[in-house]
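Heads up, the thing below is written out as structure tokens.
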Protein chains: 2
Amino acid sequence: MKTTRNTAAKTAVLEVFEKSKTALSHTEIHKQLNDLCDRVTIYRILDRLINEDIIHKISNLDGTVKYAKCNHSHQRVHIHNHAHFSCENCHEITCLESVKPSYIMPHNYKVNEINFTLSGLCPKCLNSNI
Amino acid sequence: MKTTRNTAAKTAVLEVFEKSKTALSHTEIHKQLNDLCDRVTIYRILDRLINEDIIHKISNLDGTVKYAKCNHSHQRVHIHNHAHFSCENCHEITCLESVKPSYIMPHNYKVNEINFTLSGLCPKCLNSNI
DNA sequence: TATCAATTGCAACATTGTTGCGTTTAATTT
DNA sequence: AAATTAAACGCAACAATGTTGCAATTGATA
Ligand SMILES: [Mn+2]
Ligand SMILES: [Mn+2]
Ligand SMILES: [Zn+2]
Ligand SMILES: [Zn+2]
């Protein structure tokens with residue numbers, strides 16, 4: 001199998017994730033890295049981090065894509081079954097690790113992954129907007 | 001307020017939706033219309049149909065965006081609270097009108113919209129793949 | 001230190017969606 | 001039926017996002 005390496009760029013991307021309380025887009029990461037590496041490199045690092053189950057991808061209703069660090073306690077099988085919240089006002093996306101939807105599927109479907117994103121107003125914007 | 005008009009292109013787009021059992025991407029619609037109108041026009045028609053609550057937008061985990069016809073029985077307030085299924089094999093996206101997630105939100109969030117997309121194998125692909 | 005596959009930078013490309021503007025057209029009024 | 005007029009359109013140009021090929025660099029290992 002392919003081995004994975006620790007590079008300066010990968011370390012820097014991980015540090016950006018550590019410092020952030022919300023999910024980040026490719027562009028936001030690129031700006032924070034301030035030309036430490038090429039934007040293509042960031043796409044490739046994100047791909048690797050997803051394969052290594054270190055981050056997960058969040059696809060929003062408006063088409064934007066963000067990434068967030070996984071904070072799971074080393075489960076053997078790791079499933080991203082938590083919800084994400086996307087604020088329509090400040091556009092911040094946060095993991096709601098405690099919110100896990102329950103649902104009943106029809107027969108004959110095999111579910112591998114779920115994507116549950118809620119949009120509206122986050123607590124910060126809800127308070128300041130009245 | 002702005003009034004809305006019935007045009008040849010809009011009618012054609014609606015016919016495409018009527019004929020389809022699955023959700024459609026902008027590109028798929030454009031191909032089916034076979035240069036009846038410009039691709040920009042299709043984007044604008046889709047925007048209008050969403051505002052008129054005739055179709056809804058489905059944003060998938062892999063970044064693709066599709067649209068599907070709403071089949072609701074003229075509720076006063078119309079909320080898209082059903083799930084969508086995205087097949088990893090045939091890439092068809094279908095509305096699962098009967099699947100509605102239940103969940104408990106933390107306080108201080110105002111939820112306006114939800115996006116619940118499941119991916120995996122659809123019944124068709126599940127059966128043909130063993 | 002030598003090796004070598006993983007990683008990177010760069011250029012080029014593809015896809016998707018948006019905007020401005022002059023022209024056409026659907027629906028309403030005269 | 002003709003005039004009116006704002007909605008809708010086509011076209012060109014642009015922006016954002018993501019992908020690919022390839023030569024050069026570099027991290028990990030021997
Ligand atoms: Mn996780
Ligand atoms: Mn609907
Ligand atoms: Zn907010
Ligand atoms: Zn399928």
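Listed by first and then second residue, the ring pair (Phe, Tyr, Trp, His ring centres under 6.0 Å) pairs involving residues 103-122 of chain B are A:Phe85-B:Tyr109, A:Tyr103-B:Phe116, A:Phe116-B:Tyr103, A:Phe116-B:Phe116 (not counting sequence neighbours). Sorted by first and then second residue, the ring pair (Phe, Tyr, Trp, His ring centres under 6.0 Å) pairs involving residues 7-34 of chain B (not counting sequence neighbours) are B:His26-B:Tyr43.
Shown for residues 20-31 of chain A: no residue has heavy atoms falling under 4.0 angstrom of DNA chain C. Interface residues of residues 36-46 of chain A facing DNA chain D, ordered by number: A:Arg39, A:Val40, A:Tyr43, A:Arg44; criterion, heavy-atom separation under 4.0 Å.
Within the 4.5 Å cutoff, no side-chain heavy atoms of B:Lys57 are placed close to those of B:Leu46.
The residue among A:Ala9 and B:Thr7 whose nearest nucleotide of DNA chain C lies closer to the 5′ end is A:Ala9.
With side-chain heavy atoms closer than 4.5 Å counting as contact, directly or through intermediates, the hydrophobic cluster containing A:Ile93 also holds A:Ile58.
One N or O on the side chain of A:Glu28 and one on the backbone of A:Ser25 form a donor-acceptor pair closer than 3.5 Å. Remark: side-chain polar atoms of B:Ser59 are paired, donor with acceptor, to backbone N or O of A:Asn60 under 3.5 angstrom. No donor-acceptor pair closer than 3.5 Å links the side chain of B:Ser20 to the backbone N or O of B:Val16.
Across D:dA8, C:dA27, C:dT7, the shortest atom-to-atom separation from the side chain of B:Asn6 is found for C:dA27.
If you take NZ of B:Lys10 and P of D:dA8, they are 7 Å apart, rounded to a whole angstrom. For the pair A:Asp47 CG and C:dT8 P, the interatomic distance rounds to 12 Å; values are reported in whole Å. Residue B:Asp35 contributes atom CG, which lies 10 Å from atom P of D:dG10 at whole-angstrom precision.
For the pair A:Thr3 and C:dA5, the criterion of a side-chain N or O lying under 4.0 Å from OP1 or OP2 is not met. Taking only side-chain nitrogens and oxygens, A:Thr4 never comes nearer than 4.0 Å to OP1 or OP2 of C:dA6.
A donor N or O paired with an acceptor N or O is not found under 3.5 Å between the base of D:dA8 and the side-chain atoms of B:Arg48.
Between the CD1 atom of A:Ile55 and the CG atom of A:Leu49 there is a distance of 4.5 Å, given to the nearest 0.5 Å.
With A:Glu92 as reference, A:Lys124 is the one residue of A:Lys21, A:Lys66, A:Lys124 to meet the salt bridge (charged side-chain N to carboxylate O under 4.0 Å, His left out) rule. Between B:His56 and the options B:Glu113, B:Lys69, B:His84, a side chain to side chain donor-acceptor pair (under 3.5 Å) holds for only B:His84.
When the C1' atoms of four end pairs are superposed on the next four at each end of the helix from C:dT1-D:dA30 to C:dT30-D:dA1, using five pairs per end, the two resulting axes differ in direction by 30°, to 10°.
Nearest heavy-atom pair, A:Asn81 versus A:Pro101, reported as atom, atom and distance to 0.1 Å: O-CD, 3.5 Å.
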